[in-house]
Protein chains: 6
Amino acid sequence: MRLQTACIDTQQITYDGLQLAPHWIYREHGIQGDAAVAFIGPCNVELTEMVDIEDVKKVAPIYSPLMLHVIAEFFDDLGLHATVYRQRLLIVQAKELLETYIRQRVRRDGDDLYLDRTDGSEGKLSVSIATSSPSSMLIHTAFNILTEGTPVATVGLAELGVDPATFGRELLANYAAELADIYMARCKVRPVLK
Amino acid sequence: MRLQTACIDTQQITYDGLQLAPHWIYREHGIQGDAAVAFIGPCNVELTEMVDIEDVKKVAPIYSPLMLHVIAEFFDDLGLHATVYRQRLLIVQAKELLETYIRQRVRRDGDDLYLDRTDGSEGKLSVSIATSSPSSMLIHTAFNILTEGTPVATVGLAELGVDPATFGRELLANYAAELADIYMARCKVRPVLK
Amino acid sequence: MRLQTACIDTQQITYDGLQLAPHWIYREHGIQGDAAVAFIGPCNVELTEMVDIEDVKKVAPIYSPLMLHVIAEFFDDLGLHATVYRQRLLIVQAKELLETYIRQRVRRDGDDLYLDRTDGSEGKLSVSIATSSPSSMLIHTAFNILTEGTPVATVGLAELGVDPATFGRELLANYAAELADIYMARCKVRPVLK
Amino acid sequence: MRLQTACIDTQQITYDGLQLAPHWIYREHGIQGDAAVAFIGPCNVELTEMVDIEDVKKVAPIYSPLMLHVIAEFFDDLGLHATVYRQRLLIVQAKELLETYIRQRVRRDGDDLYLDRTDGSEGKLSVSIATSSPSSMLIHTAFNILTEGTPVATVGLAELGVDPATFGRELLANYAAELADIYMARCKVRPVLK
Amino acid sequence: MRLQTACIDTQQITYDGLQLAPHWIYREHGIQGDAAVAFIGPCNVELTEMVDIEDVKKVAPIYSPLMLHVIAEFFDDLGLHATVYRQRLLIVQAKELLETYIRQRVRRDGDDLYLDRTDGSEGKLSVSIATSSPSSMLIHTAFNILTEGTPVATVGLAELGVDPATFGRELLANYAAELADIYMARCKVRPVLK
Amino acid sequence: MRLQTACIDTQQITYDGLQLAPHWIYREHGIQGDAAVAFIGPCNVELTEMVDIEDVKKVAPIYSPLMLHVIAEFFDDLGLHATVYRQRLLIVQAKELLETYIRQRVRRDGDDLYLDRTDGSEGKLSVSIATSSPSSMLIHTAFNILTEGTPVATVGLAELGVDPATFGRELLANYAAELADIYMARCKVRPVLK
């Protein structure tokens with residue numbers, strides 16, 4: 001498992017759900033195969049483009065004025081169930097990385113990250129989803145940079161003093177490293193027969 | 001995915017590697033199907049019983065005078081690669097749970113947990129392995145309670161003031177809850193077709 | 001494998017093929033995950049909505065004035081081939097359950113059930129299909145309650161004196177129980193190595 | 001899916017568990033690939049050879065003076081979970097075939113078949129197990145011909161007036177036909193995309 | 001693995017990409033299950049119908065005045081990755097078969113075949129793609145018969161003196177035979193346990 | 001898919017079957033993960049170590065005074081069926097590479113390679129097998145260098161004037177390149193939905 005990574009820093013890209021599509025990374029950014037890309041831009045997903053049926057049922061569209069986005073696509077046939085584990089690990093690594101930047105604990109609730117805000121309330125940092133296409137698996141995870149106008153109480157990387165480009169670059173590097181390490185872990189154990 | 005859990009508190013069980021075996025949970029503890037059990041006991045694994053070939057090559061047998069052990073067995077055909085993700089999540093949850101008990105950061109390096117000790121050095125808290133049997137997947141994870149005589153610098157739950165039985169019970173509950181949640185996450189998303 | 005079940009008895013639902021859709025159970029009935037639901041209503045499937053290409057080639061649309069329908073959706077990655085086995089087992093259980101209600105033998109031919117009618121001829125009781133969606137497997141099975149206007153010789157639960165609601169409820173309970181039992185059977189056997 | 005079948009009628013073979021082994025059909029009977037063979041012989045399985053851990057835990061060895069045995073081996077990667085469905089279908093077909101021979105209802109409880117005996121009590125007709133080898137899936141199903149000395153109340157084909165060789169030959173033919181039909185059912189359906 | 005084969009010789013069929021579709025063989029030619037069909041006709045694939053995103057990015061539509069086409073569809077759940085191996089083997093067999101017809105070496109570069117032309121330059125003989133549908137795997141491979149107007153330098157079966165109908169019939173026969181042989185090879189080996 | 005490769009040229013290794021074992025490459029040569037290694041040495045496989053049951057049944061042990069051996073191990077869960085395709089491709093590449101060295105056609109019959117000898121008879125160049133271990137897939141392919149004392153008519157690289165070390169190095173490089181290319185081919189195609 002060798003995950004290719006790239007940070008797109010030449011332009012902002014608005015995430016409207018159409019980026020969570022098979023071969024979007026290859027078609028738009030020229031990277032063929034298992035890959036994760038990070039980019040910065042607003043987030044504005046209409047209900048019709050949402051893949052989380054739970055959110056659709058709740059009529060909970062997603063909006064943020066500016067986020068750090070990660071799109072990952074996997075072709076190695078792990079299946080959607082296992083892909084949710086891969087997604088959780090990306091969230092876990094975002095949490096662990098962020099905790100090295102700031103002197104504050106980040107709370108993880110499944111695939112959501114929360115932080116305490118200065119007023120004592122808690123803000124949601126991230127959104128995330130894993131889904132399937134007919135021949136690949138896809139993850140979108142995004143972290144608020146700015147939070148004005150978000151539909152729920154949120155917290156952003158800007159107010160935390162975290163540079164989103166640096167955070168994105170390190171997150172992708174860590175993620176690719178752990179995915180390679182996990183594959184190696186799978187290759188180094190003797191099966192137990194009885 | 002419904003993971004059955006049990007904490008064995010009627011006896012200590014020495015972990016010598018033979019517990020990392022298909023159907024050990026069913027044969028010894030009567031739980032049939034996907035399950036995780038926790039127990040307390042010494043850890044003493046000879047090289048011949050070790051499944052981590054990397055450790056065998058390094059001639060690094062495992063010893064601890066007293067550990068909290070978790071054995072998990074999965075029959076739901078996720079495969080060894082995905083099982084390593086499941087193992088990492090167990091480690092992540094142990095880290096996250098432990099951080100709610102103590103006011104200290106736990107460092108995760110792959111499937112290992114480390115803590116700072118009072119003398120400023122770092123101690124290893126845990127050992128973990130995931131492997132396959134011909135018809136199931138198996139995980140062993142264990143946390144030092146006592147550390148006397150361990151072959152590397154370690155830290156134990158006792159010196160951290162953490163009750164291992166409570167920690168084990170909560171860890172299994174959290175793990176079963178997140179595994180169920182992950183399966184539900186897999187069931188609630190619309191695929192993307194193009 | 002824990003199959004959630006529900007019998008919808010607050011309304012009739014016309015089956016026109018659109019119910020054989022991914023997440024229909026979740027979207028319309030709020031049950032997330034592996035599930036089977038039963039409901040009563042007419043059956044009227046246009047050729048354009050049929051998934052059985054054999055029937056489409058034969059120009060054999062499906063119609064019945066009133067049927068007991070079962071829709072089942074599975075997310076546990078067994079694949080379409082295995083799902084046809086699951087479908088056959090549902091038909092087998094319908095046959096076995098029906099034979100406990102009536103003192104008459106039910107003939108199974110693949111995924112079709114037939115009964116002798118009072119005039120000595122044979123009538124078809126059921127229709128059934130298993131198919132895939134990009135991230136789940138789906139089964140539709142339906143049993144005639146009334147038979148007026150059906151395109152082939154049929155027999156209905158009403159003329160057999162069988163209450164469809166009771167039959168549906170018991171069928172789902174039996175099916176869920178055997179699916180759980182089958183999973184446990186998979187978990188209780190020692191592999192043979194040579 | 002083309003299941004090759006053969007009935008071995010040149011000799012009796014005692015089933016002692018060693019026949020439930022990978023490539024036994026190929027090594028002993030020269031049939032390479034997916035296959036089912038039937039033979040007649042005593043059944044005498046020591047605890048050490050039993051693969052059903054539930055029976056081992058109950059200390060319930062298997063004995064019958066004479067049985068009709070079926071061994072099936074599958075290489076087509078359906079997995080153990082799906083193989084239990086295949087096993088159930090074999091049992092279902094044995095039940096359905098037997099009911100065409102005798103004017104008596106056969107009761108199926110999971111993978112066991114029961115019949116009423118002349119004294120009004122119920123006798124067990126069959127034993128069955130499905131298991132895995134590292135590169136194939138295996139089923140053993142057997143039907144009592146004679147019942148003297150069996151450890152539980154049983155019924156045999158002899159007292160039912162059923163010729164075991166004929167029954168075995170027809171059972172294998174029906175099973176192979178339905179397996180082929182199930183595979184074709186998998187090949188004739190349009191997926192549902194939304 | 002039993003691959004059904006057919007050569008359609010009653011009509012020319014223009015390949016425009018719509019033939020690379022699930023169940024096209026069944027719907028148009030009545031063959032249900034794993035199958036490969038050969039036919040002769042022009043090749044004219046618009047960018048919008050192309051499945052090779054690399055070619056779409058290069059704006060490289062496919063045209064040939066007359067080709068021998070092979071469409072193969074597999075339902076046996078090998079997955080897209082393995083299907084590319086199946087596709088490569090089809091190309092290899094075309095190469096090996098062609099070399100028995102002509103006294104000239106055929107060069108294979110991945111899934112493309114090349115031959116030296118009489119003027120010393122090299123011409124491309126074939127196009128090929130493997131893709132997935134939601135419930136099957138599909139291959140299209142085609143060999144130029146005539147080459148007038150092709151967008152790249154090509155070579156055709158006609159100038160090589162090869163009868164396309166004979167070549168197609170033998171190719172399908174060889175391919176079906178090797179696929180069956182490969183499945184048997186999978187069924188005849190003892191696993192290695194340690 | 002990134003296949004690591006290595007040519008062991010510091011020593012001869014006798015192939016006696018024990019090298020076709022899970023993690024042999026990792027344990028003996030320190031390469032963790034998907035890998036292929038080439039080495040030179042005699043070949044002497046007793047019946048008890050042979051994994052090809054067909055050969056065991058024929059009592060056909062394998063012997064050659066000196067061969068170029070390739071052992072490949074794959075952990076990426078393609079399964080044994082697909083691994084036979086991978087094995088065939090290795091044979092195909094050996095054939096295609098060899099034909100660039102010598103001005104003679106190499107005949108492939110499944111996974112065997114044959115060449116005409118100077119006396120007009122045909123000699124077998126290679127042996128090959130693919131098998132599974134409980135957590136990986138394994139291939140052994142070997143090419144005669146010398147042929148004295150082989151049990152069937154053979155041909156060797158020495159008499160063909162081919163340097164085995166060069167041939168082995170190029171073969172592994174070509175094989176790794178095509179495996180990577182095949183994986184990329186799987187990643188660049190749009191699925192067809194209908």
Side-chain angles (χ1 to χ4, degrees), chain A residues 1-6 18-37 51 71-83 85-86 131-139 176-194, chain F residues 1-6 18-37 51 71-83 85-86 131-139 176-194:
Chain A
M1 178 69 221
R2 199 174 63 86
L3 188 73
Q4 302 165 87
T5 60
L18 300 181
Q19 295 73 30
L20 189 69
H23 302 106
W24 178 80
I25 294 173
Y26 178 42
R27 285 185 280 108
E28 297 298 323
H29 303 290
I31 305 171
Q32 198 177 350
D34 304 299
V37 297
V51 300
I71 295 280
E73 185 169 19
F74 300 97
F75 296 91
D76 65 348
D77 294 315
L78 269 197
L80 181 49
H81 191 182
T83 301
Y85 284 87
R86 273 191 168 156
T131 191
S132 61
S133 85
S135 76
S136 63
M137 296 293 143
L138 289 152
I139 295 172
E178 185 155 11
L179 263 54
D181 182 58
I182 283 173
Y183 187 70
M184 280 297 132
R186 178 256 178 277
C187 298
K188 71 167 189 178
V189 284
R190 190 172 59 75
V192 286
L193 299 179
K194 54 186 174 184
Chain F
M1 178 68 220
R2 199 174 64 84
L3 187 73
Q4 302 165 88
T5 60
L18 300 181
Q19 295 73 30
L20 188 68
H23 302 106
W24 177 80
I25 293 173
Y26 179 42
R27 283 184 282 108
E28 297 298 323
H29 304 291
I31 306 171
Q32 198 176 349
D34 304 300
V37 297
V51 300
I71 294 280
E73 185 169 19
F74 300 98
F75 296 91
D76 65 348
D77 294 315
L78 269 197
L80 181 50
H81 190 182
T83 302
Y85 285 85
R86 274 192 167 154
T131 191
S132 61
S133 86
S135 76
S136 64
M137 296 294 143
L138 289 151
I139 295 171
E178 185 154 11
L179 263 54
D181 182 58
I182 284 173
Y183 187 70
M184 279 297 131
R186 178 255 178 278
C187 298
K188 70 167 188 177
V189 284
R190 190 172 59 74
V192 287
L193 299 180
K194 52 186 175 186

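Remember, predicted model here, so these are calculated numbers, not experimental data. The chains referred to below are lettered A, B, ... by the order of the sequence lines, with proteins before strands, and numbering in each begins at 1.
- For F:Gln4 (side chain) and F:Gln32 (main-chain N/O), a donor-acceptor pair under 3.5 Å exists by modelled atom type.
- A:Arg86 CZ to A:Met1 CE: the interatomic distance, rounded to the nearest 0.5 Å, is 5.0 Å.
- In terms of heavy-atom pairs under 4.5 Å with chain A, the best-connected choice from F:Ser133, F:Ser136, F:Gly33, F:Pro22 is F:Gly33.
- Judged by distance alone, with hydrogens and angles left aside, the side-chain atoms of A:Asp34 form no donor-acceptor pair with the main-chain N or O of A:Leu3 at under 3.5 Å.
- Highest contact tally toward chain A, considering only F:Arg186, F:Met184, F:Arg2, is held by F:Arg186 [criterion: heavy-atom pairs under 4.5 Å].
- Contact annotation for A:Leu193: only side-chain heavy atoms (C-beta onward) come within less than 4.5 Å of a heavy atom of chain F.
- Neither the backbone nor the side chain of A:Arg27 comes within less than 4.5 Å of any heavy atom in chain F.
- Without hydrogens or angle criteria, F:Glu73 side chain to F:His23 main chain gives a donor-acceptor distance under 3.5 Å.
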